[in-house]
2 protein chains.
Amino acid sequence: MPTGPAKNGRRRPTRTAGPAKRQADYLSQTRREHAHEIAEDYVEAIADLAAEAGQARVVGLARRLGVTHVTVIRTIARLKKAGFVTAQPYRGISLTDEGCALAAMCKNRHETVAAFLRSLGIPEQVAEMDAEGIEHHVSPETLAAFKACLRKPRP
Amino acid sequence: MPTGPAKNGRRRPTRTAGPAKRQADYLSQTRREHAHEIAEDYVEAIADLAAEAGQARVVGLARRLGVTHVTVIRTIARLKKAGFVTAQPYRGISLTDEGCALAAMCKNRHETVAAFLRSLGIPEQVAEMDAEGIEHHVSPETLAAFKACLRKPRP
DNA sequence: CATGGACGGTAGCCATGGCTACATTATTGC
DNA sequence: GCAATAATGTAGCCATGGCTACCGTCCATG
Ligand SMILES: [Mn+2]
Ligand SMILES: [Mn+2]
Ligand SMILES: [Mn+2]
Ligand SMILES: [Mn+2]
């Protein structure tokens with residue numbers, strides 16, 4: 001029932017401007033992180049496949065990412081434009097230096113997050129699942145804190 | 001240089017099928033979580049505004065979420081269809097019972113994640129920032145582990 | 001009680017990231 | 001060598017979630 005025409009003369013002058021603005025910044029930042037998320041998961045998968053099979057190819061990526069090959073092809077085109085990968089039609093996909101660096105960072109961060117969760121007693125599979133989403137929203141500060149916790153485990 | 005026609009006869013028979021499938025499942029699940037993410041942030045914001053100002057209105061949500069009022073209106077339409085809110089044109093936005101329950105869950109989870117990060121020594125603002133993204137990817141198991149850590153802090 | 005300015009809504013644009021259906025190219029097994 | 005098959009690519013659909021530009025409502029205040 002709190003719905004209806006604005007009661008009480010002059011709706012509050014939005015004195016919530018401060019906190020609201022801060023929250024808006026946080027959410028905007030999270031949205032920016034999401035835009036990066038796909039790139040991160042792709043370069044990580046490409047690096048893995050290159051290590052495992054010598055070469056990353058479209059179907060391999062599709063299988064590993066749980067999407068169709070069409071989605072992979074279109075995403076690769078964007079990653080190419082963004083400078084993370086190189087690829088020619090009907091050839092394998094390779095990481096640029098930038099892509100390689102990103103993959104290394106992501107791999108390290110992913111493993112740290114997963115290890116940290118496991119250290120809290122989370123079962124392997126659940127930790128891996130959560131890490132897949134959490135990793136993209138972990139700041140350097142938080143990552144450092146996770147690493148610190150892993151170095152000195154509690155008794 | 002690992003690019004070129006598939007070398008070595010018969011490309012590996014994709015014996016990576018097991019692990020790849022598992023990874024694909026994790027990533028698919030993360031994508032599903034993302035689809036829910038907006039709904040979660042919206043109902044949380046609506047509950048906050050209702051508590052603060054007596055009523056959640058479009059501009060208030062827009063300011064708090066860091067998007068334009070147009071985006072809010074369209075998203076609210078989807079949330080309405082999904083059964084989380086009720087709203088009539090030019091009136092405030094209210095949560096359904098389901099939306100209210102979701103908001104309560106999200107608020108609790110958000111606060112737990114933020115408090116956990118702060119307990120690791122992460123500065124207030126950074127913790128709040130990270131929590132805004134992490135919260136949506138925390139399983140019940142992990143949430144419980146965070147709460148357990150908060151109950152018995154280390155010396 | 002009229003109206004200006006804040007609020008709410010519509011139209012239509014764009015990018016992203018899914019998909020199916022169909023076409024083309026490479027590789028391989030015969 | 002060649003046909004079958006697997007891999008890759010294209011066309012075109014949809015939903016989501018942003019946006020600007022413009023138009024309609026409402027109500028607090030003069
Ligand atoms: Mn991930
Ligand atoms: Mn959030
Ligand atoms: Mn939140
Ligand atoms: Mn996310």
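Throughout, protein chains are lettered first and strands after them, A, B, ... in sequence-line order, and every chain is numbered starting at 1. Any value given below was found using the heavy atoms of this structure, including those in side chains, with hydrogens, waters and symmetry copies removed.
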Hydrophobic cluster membership, Val59(B) vs Ile73(B), 4.5 Å side-chain cutoff: no

Nucleotide-resolved protein contact map, nucleotides 16-25 of chain C, B/S/- at heavy-atom distance under 4.0 Å: SBBBBB--BS

Rounded distance in Å - CD (Gln88(A)) to P (dA26(C)): 13 Å

Exam field: side chain Thr71(B) to backbone Val67(B), donor-acceptor pair closer than 3.5 Å: no

Atom NE2 of His36(B) with >12 non-hydrogen neighbours under 6.0 angstrom: no

Between dG8(C) (C1') and Gln55(B) (CD): distance, integer Å: 13 Å

Whole angstrom value for the distance that separates P of dT8(D) from CD1 of Ile93(A): 7 Å

Distance, rounded to the nearest Å, where Arg57(B) contributes CZ and dC7(C) contributes P: 9 Å

Residues Glu135(A), Lys107(A): salt bridge by 4.0 Å N-O rule: no

Considering all heavy atoms, the nearest Ile122(A)-Glu141(B) contact: CD1-O, 3.6 Å

Note: Arg31(A)-Glu37(A) ion pair, threshold 4.0 Å (strictly below): no

Difference in axis direction between the ends of the helix from dC1(C)-dG30(D) to dC30(C)-dG1(D), five pairs, 10°: 0°

Heavy-atom closest contact (Ala114(A) atom, Ala127(A) atom, distance): O-CB, 4.1 Å

d(NZ, Lys81(A); C1', dA15(C)) in whole Å: 10 Å

Pair Glu128(B) + Arg22(A): basic N to acidic O under 4.0 Å: no

